[in-house]
Amino acid sequence: MLVLLLSLFGAASYAQVDLSYYLPEGYTYDESIPTPKEILGYEVGEWHVSHDQLVMYMKAVAEASDRVAFEEIGRTYEKRPQVLLTVSSPANLGKIDQIKADRAKLRQPNASVNVETMPVVMFMGYSVHGNEASGANAALLAAYHFAAAKEIAGDLENMVLLLDPAINPDGLNRFASWVNSHKSYIMNGDPNNIEFNEAWPRGRTNHYWFDLNRDWLPVQHPESRNRVRVFQEWLPNIHLDFHEMGTNSTFFFQPGVPARMHPLTPEKNFELTSKIGTYHAKALDKIGSLYFNKENYDDYYYGKGSTYPDVQGSIGILFEQASSRGHLQESVNGLLSFPFTIRNQFTANLSSFEAAKEMRQELNGFMREFYSGVENEISADPNKAYIFGNLEDDAKSYHLADLILQHDIKVFTLNEDITVNGKEFKSENSFIVPASQPQYRLIKAMFETRDTFNDSLFYDISAWTYPMAFNLDYMALNSQILNLANVTEVDKSTLKLAPGRVIGEAGAYQYAMEWTDYYAPKAAYKLMKAGFTVRVANNEFTTADGKVFGRGSLLIGKGESKLDDQAFFNKLNEIAKESTVDIHGLTTGNTSGINLGSPNITPLDTPEIALLVQGGVDSYEAGEIWHLLDQRYEIPVTLLDVDRISGATLDKYNVLLMPDGRYGSLGTSGAETIKSWISRGGTLLAKGGAIQFLADNEVAGFKFRETNEPDSAFQKAYADYEYDIGAKVTGGAIFNAKLDLTHPIGYGYTNGDIHTFRNDNLFLELSENPYANPLVYTNEPLASGYLHPSNLPGVQNGSVIQVAGVGKGRIVAYADNMNFRAFWFGTNKLYMNAIFFGQVIQSGTTR
Ligand SMILES: [Zn+2]
């Protein structure tokens, strides 16, 4: 038995393998193309390739081969190049622009295009998760084989391969450093070895700890934006997405679970994916590797690499290989070697090549049909366009328009203000997206709400309705209204936020800034750092010329800056410009409502912020906060290791951020330290497991709702167990909540109807002090997405945000994620408000 398992799981590779272990039979290779070993100095699978080495090899292959073009499509946060190899016949490489132009016609039902003569295009993307490295290491073999195999020269006349060897270069490199630096010469495969147990935050994610395989649709990171640009330019027929799963599993290829496909994806997509699957099955049979399909994984969320193509006439294919993580690891199926995992991925890469070759006309025909079929759906749909905007805030609508424009979708601005169904949309911050365009289905996927589903299990989130995530005013329009509006198409390359400025003169009595703009916190921090006095108005006031400044508006004075009037004015102008927020000069303190010396205007301390990281902290939520403060608001934040918490350390900060996580390691003494720090005047922002920790350790008396009722059934089918459990998971849905606009947490919002996002089942009970619940779910809370009925009582009229007092300080507790995946622009300010205004919340209003 042992012998059999070893042969299944790569016993041949336990000792070092050579190139022939990987390569298929029946090919001869051009000797002028360097093998990976000739460039790297080691065989594929012997070490984990670092990103620099990977790029070095891709360049070497491109230099040696007339079939390969090398291109840098952009850079990551850590400035690593994102590279793309285009592999085709030399003749095709000479007319890439022509091929792309022909492919663009596939999206235009009226354009004439010959699908019988068109090449098939296959995009091959490896290791979007940096610690699923068999993909990127298989990319070495793919580049070699497709450049050097003599027998495929003819095939390439009808094929274009796009090879992105590492979708997540920063994560891949982090991981390669870890496993290589812990590799022993004599490997023993013990899973306890540090080689297999990466340090926090692990290599799966990008620089800011985001999962890039959820960012294909929101495109908030440079890696995704560059890659989606390539996708849209090429419109590939097949898109391969190489991943790894648990060490004790086998090999998965799509299709996934049939009932869990997104309804906007046509059935034909599933059929073609299944047909391509027969090629993988045959190839894996041949090398004796175990595999499965149609289980576990799905094609629902369009932000994943294997699902994004499915709503665009392309076929996304997910591969999941059991991970050896390091170089050799024990598994229930025997010893699992790194080379074995690489060989399976490469084998599936080759079977995909065969499928693409043989199904070329069918795949191009399908794409053609996909886009001509859209026409009927458009005419049947009463929604002819979507309009969105916000009266007070240009930035959020700008960011949504920018997101949509990345996907080859036309967006228009209004040439004049309009009112639709009693709602006003202003020309400077509203946009219209007509439904009648080739990307109709993708547009629908961005704007629709859905609350009925074929299946109750979701591999990822069940809702991402964008105007809700941005908390914008929006509605679907019928054609008549669209025809009435006077619009101009937006040019993607020139769309920018207008710079801010000071409205008024130097030497004003005071300067004021409204808190309504998304980027107000960015300006606020710069004003404070410049040494100016910054005060917050806790009541609204109106100037002599009738301008109303709402709650949360800031009053700015020179403070200790010692600048003369003109220099002060110039600095304000500079900050306004950089922050895209306007600042107003006020000539008198005698405003109506409250005067500018009112006790209701409170001076603010500059936030000095620490964000807890490492240990049990959820790296995704920590990364979302880090990215928000660092990239969006340019506010410095210390990433503080939970192990370093002590009274002396914390006294450097007045704001402490605790993302979701397990904080048990802090113990009661850690809890005491935090409690004493808060009581001296600190503001603590806590989410999920952090709230639980504070409650368990009696730092504050937060209470939770239990939703698990005792089961009345005395017998249930064993086979249903996993499904029943899975159906209760809240994978991610959007909820309706009511915001108290007078509370400091609500400053800057003008509409109390808020959409909020949750992806867990920790339900916070309301505080008995009704002033301590600034954001509460409504009675009918589900706005979009899936929620198991048994969880409804957890949410209904429950607490989303709650404030507790500890001595002179405050805890602001968040039941939901205000910063989800960087595209939830609509709730970011509910988080930032606690950072800036937690310090002014009155003690009698806390729980
Ligand atoms: Zn993965």
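Ligands are counted one by one from 1 in listed order, and the atoms in each one are counted from 1 as well. In this chain, numbering begins with 1 at the start of the sequence shown.
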Does either side chain, that of Tyr22 or that of His145, offer a donor lying less than 3.5 Å from an acceptor on the other one? no
Do any protein N, O or S atoms sit under 2.8 Å from the Zn ion (ligand 1), and which ones are they? His129 ND1, Glu132 OE1, Glu132 OE2, His243 ND1
Taking side chain to side chain donor-acceptor pair (under 3.5 Å) as the test, write out the residues that go with Arg662, two or more places apart. none
State whether Arg80 and Asp170 are salt-bridged, where the test is any N-O pair (Lys NZ or Arg NE/NH1/NH2 against Asp/Glu carboxylate O) under 4.0 Å. yes
ring-ring contact (aromatic ring centres under 6.0 Å, His included) with His788: which residues, sequence neighbours excluded? none
Between the side chains of Asp460 and Arg821, is the shortest nitrogen-to-carboxylate-oxygen separation below 4.0 Å, so that they form an ion pair? yes
All ring-ring contact (aromatic ring centres under 6.0 Å, His included) counterparts of His262, not counting sequence neighbours: Tyr300, Tyr302, Trp464
